[in-house]
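To keep things clear, I will list the structure first and then write my remarks on it.
Everything quoted here is computed from the prediction, not taken from an experiment. All heavy atoms count here, side chains included; hydrogens, waters and symmetry mates do not.
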Amino acid sequence: MDVYFFDCDKTLYDYDFHKRLPKLAELGGVSQYRLASTWWAGGFERAAEIGEYTTSEEYLAAFAEVTGAKLTLEEWQVARKAAMTPIPGAIAALHEAATLGTVSLLSNNPIPFKDSLPVLTPEIVDVLQDNDLVSAVLGARKPERRIYTRALGRFGVRPEDAILFDDSLPNVEGARAVGMHAYHFVKQDDGTFDTEAMRDAMHAFAERDR
């Protein structure tokens with residue numbers, strides 16, 4: 001069985017934190033500076049991404065305590081979705097990969113992201129069939145070795161039978177270091193994404209010598 005792992009932000013969906021932060025500030029009634037200088041600069045989001053908070057309720061309670069911004073999950077979703085724009089060619093590639101093997105997310109994100117996928121990623125959620133691995137569940141962030149080995153273990157697949165598509169070169173190198181195939185997906189100088197090259201890499205993996 002081949003497994004096709006896709007990162008989410010800047011791989012399946014373009015992501016702009018500078019659109020998310022103002023919306024969070026507006027909904028939470030605090031300044032962008034307060035949010036950035038407490039939650040993000042304080043390392044709380046990174047901690048959330050490795051499982052510090054095991055439920056969305058715990059995450060939002062901690063967010064309110066640290067920043068003073070009391071958000072519902074729905075408000076958190078509004079701000080998160082404001083920063084996300086689907087990349088049609090990449091989403092089409094994921095749909096095609098599902099005809100070649102098993103597809104899964106492999107994303108550095110906290111629990112509210114996983115809980116919110118039907119709202120945030122309606123274009124792919126049905127295809128994933130609950131294969132929505134996020135770092136908060138796996139207890140490690142890319143490019144740490146253990147996130148890849150734990151993801152592979154979830155599917156009982158050998159590293160050489162899995163490929164990761166990711167915008168981060170360190171994440172790609174981390175996957176290769178454990179024996180996985182990986183493709184570095186980047187935004188081009190003109191602001192577009194070379195999704196045809198992504199598809200070429202996908203087909204090269206599917207057609208490789210065993």
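Sorted by first then second residue, the side-chain hydrogen bond (donor to acceptor under 3.5 Å, both in side chains) pairs that include residues 116-125, not counting sequence neighbours, are Tyr13-Glu123, Gln77-Ser116. Among residue pairs with one or both ends in residues 162-185, those qualifying as ring pair (Phe, Tyr, Trp, His ring centres under 6.0 Å) are Phe6-Phe165, His181-Phe205, Phe185-Phe193; sequence neighbours excluded. Among pairs with a residue in residues 105-151, none fulfils ring pair (Phe, Tyr, Trp, His ring centres under 6.0 Å), at least two apart in sequence or across chains.
Atoms CG and CD, from Leu60 and Glu65 in turn, are 13.0 Å apart once rounded to the nearest 0.5 Å. Here Leu105 contributes atom CG and Leu133 contributes atom CG; the two are 8.0 Å apart, rounded to the nearest 0.5 Å. Interatomic distance, Asp9 CG to Asp7 CG, rounded to the nearest 0.5 Å: 6.5 Å. Residue Lys23 holds its NZ atom at 13.5 Å from NZ of Lys81, rounded to the nearest 0.5 Å.
No more than 12 heavy atoms of other residues, nucleotides or ligands lie within 6.0 Å of CG in Asp189, so this atom counts as exposed by the packing criterion.
One finds no salt bridge joining Asp194 and Lys187 here, because no Lys/Arg side-chain nitrogen approaches an Asp/Glu carboxylate oxygen to under 4.0 Å. A salt bridge is defined here as a Lys NZ or Arg NE, NH1 or NH2 lying under 4.0 Å from an Asp or Glu carboxylate O, and Arg46 with Glu49 fails to meet this definition.
Summarising the geometry of Leu164 relative to Asn171, their closest heavy-atom pair is CD2-O, 3.8 Å, with the distance given to 0.1 Å.
Residues satisfying the side chain to side chain contact (heavy atoms under 4.5 Å, CB included) test with Ser56, not counting sequence neighbours, are Leu73, Ile111, Pro112, Asp115. Residues passing the side chain to side chain donor-acceptor pair (under 3.5 Å) test with Ser107, sequence neighbours excluded: Asn109.
Aromatic ring centroids of Trp40 and Phe17 lie under 6.0 Å apart. Note: Phe44 and Tyr53 fail the aromatic proximity criterion, with ring centroids not under 6.0 Å apart.
Hydrophobic clustering of Ile, Leu, Val, Met, Phe, Trp and Tyr side chains at less than 4.5 Å, counting indirect connections, keeps Leu94 apart from Val157.
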Original post:
Passes side-chain contact (heavy atoms from CB on, under 4.5 Å), Leu169 versus Glu173? Steps please.
Top reply: CA-CA 6 Å; Leu169 183 56; Glu173 292 174 339; 3.7 Å; yes
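Under a 4.5 Å side-chain heavy-atom criterion applied to ILVMFWY residues, the cluster that includes Tyr33 comprises that residue alone.
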